[in-house]
Amino acid sequence: MAVTEPRRKLQVTYLALALLVGLAVNLWMARSQSVPIDYSDFKALVRSGHVHEVQIGPASIAGNVDLADARAALPEATRQRLPQEGTGGELHFSTLRVEDPALIADLDSAHVRYAAVAGTNWLMQLLSWVAPALIFVAIWTFALGRMGNKQMGDLVGIGKSKARVYVQKNIGVTFADVEGIDEAKAELMEVVEFLKTPERYTRLGGRIPKGVLIVGAPGTGKTLLAKAVAGEANVPFLSISGSEFVEMFVGVGAARVRDLFDQAEKLAPCIIFIDELDALGKARGAGGFGGHEEREQTLNQLLVELDGFDTNKGVIIMAATNRPEILDPALLRPGRFDRKVAIDRPDIRGRERILKLHAGKLALDPDVNLAVIAAKTPGFAGADLANIVNEAALRAARQNQKTVTQADFDAAIDRVITGLEKKNRVMNPKEKETVAYHEAGHALIAEKRTTTDKVSKVSIIPRGIGALGFTQQLPTEDRYLMKRSELLDRLDVLLGGRVAEQLAFGEVSTGAQNDLQRATDLARHMVTQYGMGETLGPAVVDTRPVNPFLGEAGIAVRGECSEETARQIDAEVRRLLKDAEDRVRVTLESARGQLEALAQMLLEHETVERETLLGLLVAGAPLQAQPGRGT
Ligand code: ADP
Ligand code: ZN
């Protein structure tokens, strides 16, 4: 996605420089070089008596002679090779040695002084291996640069992150280029305001957000949104990918981080964008083999820079990840990435708007219906939709059409879906129905229990990896203490999805597994930590393993907890869950109409906002109303 690639340019410059130096050296050497002459000519010169001194090397003999004398002594053919008439002075000649036993006798009789020299001069020797080495290095750097092999390339310029940070001055992306994720846009508006007029905030002593973490599935527009913030505020955008920090050499990543922040300080106000933060910010001590120390050093350096950075200088650090759960918690502390912006995959209306945005540049056939395309693509992210538009345009072009037709789009969808199915990102209609009832169940129970947080939004579009739909509950107040009845209500909400599936289809799906896990954990806590069980009484039971290494292999060691107590705990937990399930079933059975209505509305609109949900609860029957989102 980078527009400028300073690294490549740098290498080309180096290569050109090396070539130039080589050329200059060559020219200079040629000038100081002697004139090669035949051995017979050399003997003729010696015999003429004008040569006074020669240097005898292992393979050649060199000497000086007056140019005029040389002309007189040499045959016509050799004379041609000598410097032109008029350029008087000395002739520096050299000749290759010939096996000649009479050489010394001849030199002696002509009274020539001679001395042996060891090989050619030192400069020549040096050049003879330096020049090839230089050329080799130049070619090597160039080739590696082309291959894009970052690790080997770094052997040449360790720690120079300047080459890898992509600085963009004129982004050309604004909020108008981002569609279907209005909430995230609204949240980032403040960051734009700050970058535009920092004085307004600092004057009042307000604390400026330092780090903003954008969380969302791949292709939902995280990078796009970060760029749009830079574009709106008209500040430079420094981007680097977390995976590029993690290098082969210990210390390189840390140096990069330092360098990145140095650069940012010079460019302020600006935005630093770290893509794939999880690659570098994985929880310390977790993950596979190798490269640990390096990653930890880099991460530590990032933390140091984040802490030492003064936001009032106008640098905002943004980062993107699709796996926030594996991030080192240290990154999320106050003063670091303390603000999180979640991007969901777009719902049906969002998808239509994204399609419209990208198809705006195409010549569309009048019968193309983008709403229909949006309806066919649940679960698609913005990037997938951009891809569809592009595929459709390519297909139309291949067939020499004047416009892009609905058939082109249909073919494009099929094509893109095949790719996405492999990555498990597409929902089939049956799954969609299951998720609709499941989420409707959660939402209805949350609304019908008195102590639970109110539902602000229900959606069947997956949020994050592994999750199906989601029901968003906003807490009405901050909670520190919770009563038993409140925890029971929470249990009910967790089981709502599962029970709804049972009612609608007569069986449950694997999608409810996570809910069940959370419900079980909650019930266990109630029994063991809060003394809310019925038979165990008011006692905290420590069931955590004391030390897994002290017990015999394979035997779970429990803290102060007997076998008997453990059995009792299990029975209590089961009972809590069973009771909750019964309660939920009663509620949902009596609200069967509402369950159906909400599920149908979810199937149609994918997202249902609070107002629509309330309307439905009052009416108790399907409504014609649109979901609460404006167009
Ligand atoms: P991410 O960083 O989340 O993986 P990108 O920002 O790289 O996703 O998105 C890739 C491309 O997909 C964008 O350049 C844009 O063309 C398109 N795209 C993604 N989301 C949106 C959106 N909400 N609105 C418009 N286009 C989008
Ligand atoms: Zn659920």
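Just follow the structure's listing: the first ligand is 1, and inside any ligand the first atom is 1. Note: hydrogens, waters and symmetry copies are ignored here, and every other heavy atom, side chains too, is used.
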Locate the shortest heavy-atom distance separating Asp492 from Arg449; write the atom from each residue and the value. OD2-NE, 2.6 Å
Whether Glu190 and Arg339 form a salt bridge (side-chain N of Lys/Arg under 4.0 Å from carboxylate O of Asp/Glu) is what I want to check. yes
Donor on one side chain, acceptor on other, [X] and [Y], under 3.5 Å:
X	Y	result
Asp275	Ser241	no
Arg395	Gln401	no
His438	Asp515	yes

Testing Glu507, Glu439, Glu581 one by one against Arg498 for a salt bridge (charged side-chain N to carboxylate O under 4.0 Å, His left out), which residue passes?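 Running salt bridge (charged side-chain N to carboxylate O under 4.0 Å, His left out) over Glu507, Glu439, Glu581 with Arg498 returns exactly one hit, Glu581.
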Does Asp515 bring an N, O or S atom to under 2.8 Å of the Zn ion (ligand 2)?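 Yes.
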Which atoms of ligand 1 sit under 4.0 Å from any heavy atom of [X]?
X	value
Asp177	24 (N), 25 (C)
Ile181	23 (N)
Val178	23 (N), 24 (N)
Leu357	25 (C)

Examine ligand 1 and decide if any of its atoms is less than 4.0 Å from a heavy atom belonging to [X].
X	value
Lys227	no
Asn322	no
Gly219	yes

Between Val173 and Phe237, is any pair of side-chain heavy atoms under 4.5 Å apart? no
N or O pair under 3.5 Å between [X] and ligand 1:
X	value
Gly221	yes
Leu224	yes
Asp275	no

When rounded to the nearest 0.5 Å, the distance separating CE of Met318 from NZ of Lys227 is 13.0 Å
Report, rounded to 10°, the angle at the Zn ion (ligand 2) between the two atoms NE2 (His438) and NE2 (His442).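 Answer comes to 90°, rounded to 10°.
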